[in-house]
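Taking it in order: structure first as structure tokens, then the write-up.
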Amino acid sequence: QVQLVESGGGLVQAGGSLRLSCAFSGRPVRSYAMGWFRQAPGKEREFVAAIDRIGRSTDYADSVKGRFTISRDNAKNTVYLQMNSLETEDTAVYYCAAKWVTNPTILTKQYDYWGQGTQVIVSL
């Protein structure tokens, strides 16, 4: 059974950085396209970033382009989200997501598996 566990969240000042990790288990992560989403208080969950199975292609929400970087280490069954120049608007619970795909370079915003989330709070 696929399981995703996020870590790395916390409290950071505006302008600072955090790196989120998503530990994937139950299947080889190399068979899954991966993504990050976030949900701020009172708002719907929104797409943040996506990466294909082999780490060749990525996609980002306009609000995080140039500040966030998604990456993966298939040997470690882990996906990362490096977040720089954090803003108070980035405060949210961040979720890792996975979808089994056959095409190694496909990107998707539709996912089948989700983690429990990790809280990120950005203060002034």
Side-chain angles (χ1 to χ4, degrees):
Q1 181 162 345
V2 171
Q3 288 190 320
L4 291 77
V5 179
E6 302 93 337
S7 63
L11 174 64
V12 63
Q13 285 190 324
S17 299
L18 281 175
R19 189 177 80 156
L20 305 183
S21 298
C22 173
F24 184 101
S25 62
R27 294 285 190 278
V29 71
R30 65 178 179 271
S31 298
Y32 292 78
M34 302 294 294
W36 287 94
F37 287 71
R38 67 186 181 185
Q39 187 167 18
K43 295 186 178 181
E44 293 188 354
R45 187 162 56 188
E46 65 175 358
F47 168 77
V48 174
I51 190 166
D52 66 11
R53 281 174 46 188
I54 57 176
R56 178 176 298 172
S57 298
T58 58
D59 187 23
Y60 296 93
D62 288 343
S63 59
V64 307
K65 279 182 182 176
R67 300 188 298 120
F68 290 12
T69 303
I70 187 171
S71 62
R72 63 191 297 159
D73 185 338
N74 287 346
K76 295 182 178 179
N77 268 6
T78 304
V79 178
Y80 305 98
L81 185 68
Q82 178 67 43
M83 306 187 295
N84 299 328
S85 301
L86 282 161
E87 304 169 352
T88 55
E89 292 78 10
D90 296 318
T91 293
V93 177
Y94 283 72
Y95 298 91
C96 178
K99 181 177 179 62
W100 186 85
V101 294
T102 55
N103 185 331
T105 59
I106 195 171
L107 292 169
T108 182
K109 294 181 181 177
Q110 303 294 325
Y111 294 91
D112 301 319
Y113 302 97
W114 296 84
Q116 293 299 306
T118 185
Q119 176 76 59
V120 172
I121 300 174
V122 184
S123 65
L124 288 172

Spacing of [X] atom [atom1] and [Y] atom [atom2] [to the nearest 0.5 Å]:
| X | Y | atom1 | atom2 | result |
| --- | --- | --- | --- | --- |
| Leu107 | Ile51 | CG | CD1 | 8.5 Å |
| Asn84 | Thr69 | CG | OG1 | 6.5 Å |
| Leu20 | Trp36 | CG | CH2 | 4.5 Å |
| Ser31 | Lys99 | OG | NZ | 13.5 Å |
| Asn77 | Arg72 | CG | CZ | 9.0 Å |

Residues in side-chain contact (heavy atoms from CB on, under 4.5 Å) contact with Glu89, at least two apart in sequence or another chain: Glu87
Exceeds 12 heavy-atom contacts within 6.0 angstrom, atom CD of Gln3: no
Parallel, tilted or perpendicular: rings of Tyr32 and Tyr113 (30°, 60°): perpendicular
Any pair counted as ring pair (Phe, Tyr, Trp, His ring centres under 6.0 Å), so long as it reaches residues 38-77, sequence neighbours left out: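 Listed once each, the pairs are Phe37-Phe47.
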Counting C-beta onward and ignoring hydrogens, is there a side-chain heavy-atom pair between [X] and [Y] closer than 4.5 Å?
| X | Y | answer |
| --- | --- | --- |
| Arg53 | Arg30 | no |
| Trp100 | Arg27 | no |
| Trp114 | Cys96 | no |
| Glu46 | Arg38 | yes |
| Met34 | Leu4 | yes |
| Asp90 | Met83 | no |

Distance-minimising heavy-atom pair for [X] and [Y]:
| X | Y | value |
| --- | --- | --- |
| Thr91 | Pro41 | O-CD, 4.4 Å |
| Gln82 | Ser17 | NE2-CB, 4.0 Å |
| Leu18 | Val120 | CD1-CG1, 3.9 Å |
| Thr88 | Ser123 | CG2-C, 4.2 Å |
| Gln119 | Val93 | OE1-CG2, 3.4 Å |

side-chain contact (heavy atoms from CB on, under 4.5 Å), paired with Asp52, selected from Ile106, Thr105, Thr58, Thr108: Thr105
Member of Thr78, Val2, Val79 meeting the side-chain contact (heavy atoms from CB on, under 4.5 Å) criterion with Phe24: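 Going through the options one by one, the only one that passes is Val2.
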Hydrophobic cluster identity match, Tyr95 and Val29, side-chain contacts under 4.5 Å: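 Different clusters: Tyr95 never reaches Val29 through Ile, Leu, Val, Met, Phe, Trp or Tyr contacts under 4.5 Å.
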Same cluster (ILVMFWY, side-chain, under 4.5 Å), Ile70 and Val64: yes
Whether Glu6 side chain and Gly117 backbone form a donor-acceptor pair below 3.5 Å: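 At least one qualifying donor-acceptor pair exists.
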Donor-acceptor pair between Asp59 and Ser57 side chains, under 3.5 angstrom: no
